[in-house]
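Below, each value reflects all heavy atoms present in this structure, side chains not excepted, and no hydrogens, waters or symmetry copies. Chain identifiers are assigned alphabetically (A, B, ...) following the order of the sequence lines, protein sequences preceding nucleic acid strands; residue numbering begins at 1 within each chain.
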Amino acid sequence: MGDFIDSDDDYFDHDSDDDPELPEIDDQGPNEGFVKVITKESLLAAQREDLRKVMEVLSLKEHHARTLLIHYRWDVDKLLTVLVEKGKDDLCAKAGVTSGEHDNFAPSKFSSMVMCIVCIEEVPANEVTTMDCGHYFCNSCWTEHFIVKINEGQSKRIRCMEHQCQAICDEAKVRILVNARDPKLAEKFDRFLLESYIEDNRKVKWCPSVPHCGNAIRVDDVELCEVECACGLQFCFSCSSDAHSPCSCLMWELWSKKCRDDSETVNWITVHSKPCPKCNKSVEKNGGCNLVICVCGQAFCWLCGGATGREHTYAGIAGHSCGRYKEEKEQKAECAKRDLLRYIHYHNRYKAHTDSFELETNLKTTIQEKISRLEERESTNKDFSWVTDGLYRLFRSRRILSYSYPFTFYMFGDERFNNHMTKEEREIKKNLFEDQQQQFEANVEKLSSILEEPFDQFSEDKVVKLRMDIINLSTVTDKLCEKLYECIENDLLGTLQWSTRKIAPYKSKGVDKASELIVCTDMKLYHTEKDSSKDGMCIITHMPITCVLTLLYVRIYFLFFFPNIVVVEEKLEINNTNKSLKSY
Amino acid sequence: MANSNLPRRIIKETQRLLSEPAPGISASPSEDNMRYFNVMILGPTQSPYEGGVFKLELFLPEEYPMAAPKVRFLTKIYHPNIDKLGRICLDILKDKWSPALQIRTVLLSIQALLSAPNPDDPLSENIAKHWKSSEAEAVETAKEWTRLYASGA
């Protein structure tokens, strides 16, 4: 394992030498480099990195390494743990990898004609393919088998045709045979194998952008975090929806659903109005007795909603009796009203901050203009990073502030998030939290307002003062936000069960940005390996990807199919077929 | 016609099933569809199904032999791995199917399933419960059903 970390460090060094970019990047958190973006172009390379590790450690061929990795969901550490605990034979057997020591069974050694037990025909020995497990069948039967399995969505694990044989078929043989019959399907097969790195991998997720940017994100060694894809989308790595910390994934799911279907309003309407039994319009009762008359002229009983005649007395409606419990109804109405008011309160604040966030995004351009105007001026101070730093602080804080309202809504009003708190305790904690939220909010607003000042027209002194103010405010806001998170994580969520508790931690430097994945461009690494390596197969597999591509047609194949990569809808379909296949 | 381009494997299997049938099993293709077989299995000796003649239908799907044949009991049977519609819970008919298996092996496996019911992997929850709680009683019911529904004729 140590090896991998070292090699990762290698990449860092390489990385930081080359791009002394934005000031933001300089002070990234401890997770820098753990979040990588995998583009269409680097997908193969990323996959090969893991393949190479496994091939080296176990001295296996590539397709065996891939079969192992698919079986262990691309978790190299897990795979190596099993290797240490159970040994290579067990590890391989479980995943359906056989060593291929069955050459003596090869049919060509017996005679020129052999029997294929699937089609029950005599076939020439050169039209027969033997898999690593030693079982052989005629090419035509193999091809049929592969086509059926690929269409069933099982490309990643096509087993040998022999009864009770667990071996997974050699992908190269599958590719050659299928390609001869149906090149389109062979493409599909390759794509499935390639995408397995994303779909079967705990550490990798597709970026949820719509329209899809084509990227996937890999996160190493971090349990819960929010990431920013190269396309700019920030999302929660755990639930793949927009970044939502300090809301937990569950809170956010509930909240977005609530906002989407406006369920509170619907709730209120169902409690406060009734559909007319004739025209179905919602009717609200604004006073009077329980005989209600709709605008369409239909009379009905408010208590049961049934159509009635128009005759009535003080005590009841003529010829109608439905005897409901009125109190229960009233209580329900009151609850609905209170819940709606709560929701409206928090939603307004959430919405206000989200709107401000959008408006402030425009600030970016205006501030850039102001900076360039200032830069043209003769001045001693040429460093304006304090403005952009302040602006980014504002963006980050605004986001968190807006999400803190749905958090409050659920934290202090939903049974699911209310474990073990008495009413009094809850009240105290709520006050404490809201106090901190308000302080934070006040500073965010202040920061927002001074960032909008026309500082390009300020005198030198005034600019210096503004600089101090912005830096100070930024630091204060940062600290307050940190405290708000402390309060959330320790005092509030600390008492809840883990599944609802987890939130992405606060990062003063903002959401983790995915950096380019750098694989195999490291020539130094390649040379040393090449020199030390004796085995021809190894040299090829250790080479940088560009060289490999020119050498092996199989690899050319892969690259060739990149443009055809992923349509999200198609992916979903495939998943569905997989599911239906599993659930007999 | 469905029979016009029947794979040679199906023709061969059919010929062999007719010329050298497995003991206790008969399978003959329907006249208008060579992929549809009428099957009879005799209840194995020393099983609750002894003496019974069980009718089944077997159909070879388009993808056969890459996909498993579809088999169903037509005769009512009291068995923890067979439900009231006659569907059979047998691994080789599902995910453990191998193109190297044949109609003959499938039918032999079904015959074996009659000798050795497996209430731990049930298709029919009630019968399986019955089997596990009081096997002797369940076996009696199975015998009773065999007499009632599978007595030849």
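- Other residues, nucleotides and ligands contribute only 12 or fewer heavy atoms inside 6.0 Å of the NZ atom of B/Lys55.
- For the atom pair CE (A/Met161) and CG (B/Leu101), the distance works out to 12.0 Å, reported to the nearest 0.5 Å.
- Crowding of A/Met115 atom CE: a count of heavy atoms from other residues, nucleotides or ligands under 6.0 Å exceeding 12.
- The greatest number of non-hydrogen atom pairs below 4.5 Å with chain A, out of B/Glu13, B/Gln102, B/Arg8, is found for B/Arg8.
- Residue B/Arg72 places its CZ atom among more than 12 non-hydrogen atoms of other residues, nucleotides or ligands, all under 6.0 Å distant.
- Interface remark: B/Ile92 contributes side-chain atoms only to the contact with chain A (heavy atom separation under 4.5 Å).
- Residues of residues 61-69 of chain B having a heavy atom under 4.5 Å from any heavy atom of chain A, listed by number: B/Glu63, B/Pro65, B/Met66.
- Listed in order of number, the residues of residues 139-149 of chain A that approach chain B to under 4.5 Å between heavy atoms are A/Cys141, A/Glu144, A/His145, A/Val148.
- To the nearest 0.5 angstrom, A/Glu162 atom CD is 6.0 Å from B/Ser98 atom OG.
- For A/Lys88, the NZ atom is densely surrounded, since the number of other residues' heavy atoms within 6.0 Å is greater than 12.
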Quiz item: So B/Lys12 and A/Glu121, salt bridge (Lys or Arg N to Asp or Glu O under 4.0 Å) or not? Walk me through it.
Solution: CA-CA 10 Å; B/Lys12 281 190 181 172; A/Glu121 301 277 347; 3.8 Å; yes
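- Closest of all the heavy-atom pairs between A/Ile117 and B/Ala100 is CD1-CB, 3.8 Å.
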